[in-house]
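In this chain, numbering begins with 1 at the start of the sequence shown. Both ligands and their constituent atoms are indexed starting at 1 by order of listing.
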Amino acid sequence: MTTIAVIGAAWGDEGKGKIVDTLAAGHKTVVRFAGGPNAGHTIYANGKKVILHLVPSSVTCPGTLNVVGPGVLCEPVILMEEINIAKTHGSTVLLDPAAHIITPWDVQLDKLREIASGSGALGTTGRGIGPCTESRTARYGIRLSDLTLHTGDLRKALLARHYAHERMAIIKSYGATPMTIDDMVIWCASFRSLTQHLCDTRAVVHKALNDGENVMFEGAQGVMLDLYLGTYPFVTSTNPTIGGIATTMGVNKVDRVIGVTKAYDTRVGNGPFPTEIGDEVADKIGKVGAEVGSTTGRPRRIGWLDLVALKYAIRMTGITELVLTKLDVLTGIDPIFVAMDYMLDDKAVDRYATLTTDIMSRSKPSLQGLEGWTSAICGYRKFSELPINAQRYVRFIEDNLKTPITMIGVGPERDAIIMR
Ligand code: IMP
């Protein structure tokens with residue numbers, strides 16, 4: 001039995017979906033444990049691009065059990081769509097009754113706050129993540145289990161502990177009109193068919209582990225967007241990396257923690273990004289790498305690979321191996337820079353244990369240039385086939401992070417991966 005976690009080692013969008021999809025063959029049970037429809041995990045099934053937001057990226061692998069755990073924030077329309085994708089591919093989706101539902105109130109409030117914040121906006125995905133987690137923490141949110149209630153009881157659940165009244169009052173304070181309670185009852189009731197997928201997902205996962213099966217956990221976003229570990233307040237509102245597995249699924253031992261990072265960095269939304277590149281090199285990488293948010297369609301900010309942030313991510317989450325995705329995108333870039341340190345007031349700052357938003361905003365990265373390569377690498381499947389400078393780039397990262405790179409992405413297709 002092996003437990004594997006595939007987590008984002010940076011600011012999200014590292015290509016976790018493709019890695020989960022690739023590893024799914026050896027795992028019957030795959031668990032999405034955090035985040036919500038803010039995530040957009042892209043995979044290619046039978047040559048067709050599929051973007052998933054809520055269910056695990058193994059869903060197009062026939063026979064897999066795809067668990068949506070209690071920590072996932074569920075948008076019911078998207079959930080229904082993705083369950084249909086599972087059906088067409090002969091896989092199963094199991095939903096935890098304790099997972100919270102993102103309501104239209106949450107989405108509306110998220111958007112209103114961002115508009116009202118002006119230049120202080122966080123740059124959220126507008127999917128209602130913050131407001132939904134607030135109701136979860138306030139202990140009055142609506143959960144998938146509430147969909148089993150008859151209309152009268154559903155209304156009571158919405159009214160309990162002033163949930164509906166508080167939500168509506170906050171929305172009205174922005175001068176907007178919230179959905180009425182009657183309409184919200186009808187909206188919730190329209191998703192009753194989801195209840196046929198409800199089951200105690202923790203029991204399923206723990207039984208699988210007891211029976212000696214391999215189980216894989218799929219993270220969302222990345223370490224630098226984690227509510228506690230990331231660049232607060234420019235973070236998401238869940239714990240989408242390793243900690244979320246223990247707190248939501250009760251699984252406290254993970255054998256392989258696979259941290260996924262691109263061969264360069266990207267960030268969407270606002271907040272510090274020390275290695276951000278502001279010139280035509282960024283345009284080139286963004287264009288070749290198709291760096292546009294898969295959930296929001298926003299262009300992603302582009303930066304050099306940040307080894308300071310990666311060291312921090314490895315330290316904070318116990319990453320045992322790394323996957324480097326999109327190495328092919330750097331073909332033709334010369335030199336390729338990598339951040340080795342941060343400089344604050346002309347002194348290198350030691351960021352072994354903590355990276356604060358303040359430090360990241362005020363520091364300048366100390367960059368080292370490495371020689372690039374010019375020939376296309378998309379067709380290679382062996383490390384030894386890569387141009388020598390591409391091999392050197394990979395080894396340089398490994399040596400500095402003291403962590404092996406076990407897979408290298410060289411193109412968007414399902415099989416465009418070098419296994420080492
Ligand atoms: P929220 O999660 O929508 O509240 O957004 C908070 C911050 O996290 C914003 O900067 C978003 O752009 C960022 N974010 C959320 N989900 C993702 C993701 O899946 N990939 C990249 N950035 C994300």
May I ask you to identify, for Trp11, whether its side chain, its backbone, both or neither come under 4.0 Å of ligand 1 on a heavy-atom basis?
backbone
N/O separation below 3.5 Å, Val268 to ligand 1:
yes
Write out the residue and atom name of the closest protein heavy atom to atom 3 (O) of ligand 1, then the distance separating them to 0.1 Å.
Thr125 OG1, 2.6 Å
Tell me which part of Leu122 gets within contact of ligand 1: side chain, backbone, both or neither, using heavy atoms under 4.0 Å.
backbone
For Gly269, atoms of ligand 1 separated by under 4.0 Å from a heavy atom
10 (O), 12 (O)
Would you say Thr201 and Val68 make side-chain contact, with heavy atoms under 4.5 Å?
no
Quick check with a 6.0 Å cut-off and a 45 degree axis cone: is Arg420 positioned over the face of Phe383's six-membered ring?
yes
Measure the spacing between CD of Glu398 and OG1 of Thr406 and express it to the nearest 0.5 Å.
9.0 Å
State the CG-CZ distance between Leu386 and Arg381, to the nearest 0.5 angstrom.
10.5 Å
Between ligand 1 and Gln221, can you find any atom pair, the residue atom being a heavy atom, that is separated by under 4.0 Å?
yes
Which word best sums up how the rings of His165 and His162 line up, parallel for under 30°, tilted for 30 to 60°, or perpendicular for over 60°?
tilted
Take every heavy atom of Ala220, measure it against each atom of ligand 1, and state whether any distance is under 4.0 Å.
no
Side chain, backbone, both or neither: which part of Leu225 has a heavy atom under 4.0 Å from ligand 1?
side chain
N/O to N/O below 3.5 Å, does that happen between Asn270 and ligand 1?
no
Candidate pair Glu14 and Lys262, rule salt bridge (charged side-chain N to carboxylate O under 4.0 Å, His left out), full reasoning
CA-CA 5 Å; Glu14 301 94 347; Lys262 280 179 197 158; over 6 Å; no
I want to know if ligand 1 touches Asn38 in the polar sense, i.e. an N/O pair below 3.5 angstrom.
yes
Under-4.0 Å salt bridge between Arg300 and Asp13:
yes
CD1 of Ile336 to CH2 of Trp304, rounded to nearest 0.5 Å, is 7.0 Å
Within the 4.0 Å heavy-atom cut-off, what Thr296 brings close to ligand 1 is neither
Can you confirm, on distance only, whether ligand 1 has an N/O atom lying under 3.5 Å from any N/O atom belonging to Asp13?
yes
Check contact between Thr238 and ligand 1, using heavy atoms of the residue and a distance below 4.0 angstrom.
no
Candidates Asn66, Asp21, Thr22 - the one meeting side-chain hydrogen bond (donor to acceptor under 3.5 Å, both in side chains) with Ser58
Asn66
Could you tell me, atom by atom, which parts of ligand 1 come under 4.0 Å of a heavy atom of Gly123?
9 (C), 10 (O), 11 (C), 12 (O)
Of the protein's non-hydrogen atoms, which lies at the shortest distance from atom 2 (O) of ligand 1, and what is that distance?
Thr236 OG1, 2.6 Å
Can you tell me how far the CG atom of Asp283 sits from the CD1 atom of Ile277, to the nearest 0.5 Å?
10.0 Å
In the protein, what heavy atom is nearest to atom 7 (C) of ligand 1, and what distance, to one decimal place, separates them?
Val235 O, 3.8 Å
Please work out which of Asp110, Thr124, Thr266 has its closest non-hydrogen atom nearest to atom 5 (O) of ligand 1.
Thr124
Counting only heavy atoms from other residues, nucleotides and ligands, does the tally under 6.0 Å from CZ of Arg315 exceed 12?
no
Under 3.5 Å: N/O of Arg127 near N/O of ligand 1:
no
Is Arg298 close enough to touch ligand 1? Criterion: a residue heavy atom under 4.0 Å from a ligand atom.
yes
Please confirm whether Phe234 and Trp11 have ring centers closer than 6.0 angstrom.
no
